Amino acid sequence: MKPLLKFVQLLSAIGFAGGLAVSMLLAATVDDSTSTSFAAWRRAISAVASTVTVPSLVLLLASGMMAVASQPAFFAARWVRVKALIGALVAGLALLVVQPAISRMDGLARMAVEGRPVLQPASFALNGELIGGAACLVLCLAAVALAVWRPALGRRDD
């Protein structure tokens, strides 16, 4: 893989996983003593997700596709196909579960500031955010393991 492409992919993987981990840590330790502080924390989580996590994910997927396209040998490697499948799962989870849950929690926090009740929907959204985020991180670790060890994954055709 070309050094610049490898650098971009590594940097974007760090940005995605780091942003996701920070968002989850903030969500788990949010100050909910007042609706105003809760809304401020949720706004910070939303900002991390929209400015670091999602752009890093897009860059990670794009650089991964460019890496495969630049190395013809990658087309035949099973570990690359599995890693691509993991990338698709992570993207689906992140964009269809985690990011919407973060946005929903941000909106619910604003509603709480206005004095409207949000307990039930907030619990559902928070569970989606934390469980989806944890699943994304586990899948990211699996993708890193595949990239490092590059297992054959099945019979070799000799």
Side-chain angles (χ1 to χ4, degrees), residues 1-32 37-110 121-154:
M1 188 182 323
K2 297 185 181 350
L4 179 61
L5 190 55
K6 188 180 270 190
F7 175 76
V8 168
Q9 190 166 34
L10 183 59
L11 192 61
S12 59
I14 291 167
F16 174 71
L20 189 58
V22 165
S23 294
M24 291 176 60
L25 180 64
L26 289 174
T29 60
V30 69
D31 176 14
D32 59 0
S37 66
F38 179 70
W41 278 73
R42 292 309 312 182
R43 190 75 205 129
I45 293 167
S46 186
V48 168
S50 63
T51 60
V52 177
T53 309
V54 172
S56 293
L57 175 60
V58 171
L59 190 57
L60 179 61
L61 294 171
S63 64
M65 287 188 276
M66 287 189 283
V68 171
S70 72
Q71 297 285 337
F74 279 169
F75 283 112
R78 288 185 187 119
W79 70 268
V80 173
R81 291 185 215 143
V82 173
K83 190 174 174 212
L85 177 63
I86 290 171
L89 288 171
V90 167
L93 272 173
L95 298 174
L96 300 174
V97 176
V98 179
Q99 184 61 29
I102 289 172
S103 296
R104 178 82 173 132
M105 285 297 293
D106 187 28
L108 291 170
R110 292 173 196 214
S123 175
F124 181 75
L126 183 61
N127 286 339
E129 179 182 349
L130 294 176
I131 293 169
C136 283
L137 287 176
V138 167
L139 288 168
C140 285
L141 288 173
V144 168
L146 282 171
V148 170
W149 285 291
R150 299 180 178 194
L153 298 177

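Since the structure is predicted, the reported quantities are computational estimates derived from the model, not experimental observations. If you read the sequence from its start, that first residue is 1, and numbering goes on from there.
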Atom [atom1] of [X] and atom [atom2] of [Y]: how far apart are they, to the nearest 0.5 Å?
{"X": "Leu20", "Y": "Gln99", "atom1": "CG", "atom2": "CD", "result": "10.0 Å"}
{"X": "Arg81", "Y": "Ile86", "atom1": "CZ", "atom2": "CD1", "result": "14.0 Å"}
{"X": "Arg104", "Y": "Leu126", "atom1": "CZ", "atom2": "CG", "result": "13.0 Å"}
{"X": "Gln9", "Y": "Leu61", "atom1": "CD", "atom2": "CG", "result": "9.5 Å"}

Return the minimal non-hydrogen interatomic distance between [X] and [Y], and the atom names on each side.
{"X": "Val68", "Y": "Phe74", "answer": "CA-CD1, 3.9 Å"}
{"X": "Val8", "Y": "Ser63", "answer": "CG1-CB, 4.0 Å"}
{"X": "Met105", "Y": "Ala122", "answer": "SD-O, 3.2 Å"}

For [X], which residues count as a side-chain contact (heavy atoms from CB on, under 4.5 Å) partner, sequence neighbours excluded?
{"X": "Val144", "value": "Val148"}
{"X": "Val97", "value": "Leu93"}
{"X": "Ala147", "value": "Trp79, Lys83"}

- request: State which residues pass side-chain hydrogen bond (donor to acceptor under 3.5 Å, both in side chains) with Arg43; sequence neighbours excluded, sorted by chain then number.
  value: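 Testing Arg43 for side-chain hydrogen bond (donor to acceptor under 3.5 Å, both in side chains), a comparison that skips the adjacent residues, returns Asp106.
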
Just distance, no hydrogens or angles: give the donor-acceptor pairs under 3.5 Å from side chains in residues 47-60, sequence neighbours left out.
from, atom 1, to, atom 2, distance (Å)
Ser50, OG, Ser46, O, 3.0
Ser50, OG, Ala47, O, 3.4
Thr51, OG1, Ala47, O, 2.6
Ser56, OG, Val52, O, 2.7

- prompt: Who passes ring pair (Phe, Tyr, Trp, His ring centres under 6.0 Å) against Trp41, sequence neighbours left out?
  reply: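 Applying ring pair (Phe, Tyr, Trp, His ring centres under 6.0 Å) to Trp41 gives none.
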
query: What residue pairs, at least two apart or across chains, pass salt bridge (Lys or Arg N to Asp or Glu O under 4.0 Å) with a residue in residues 52-67?
result: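 Found none.
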
Pairs of donor and acceptor atoms involving the side chains of residues 127-140, under 3.5 Å and at least two apart or interchain, shall be tabulated with distances.
from, atom 1, to, atom 2, distance (Å)
Asn127, ND2, Ser123, O, 3.3
Glu129, OE1, Arg42, NH1, 3.4
Glu129, OE1, Arg42, NH2, 2.6
Glu129, OE2, Arg42, NH2, 3.1

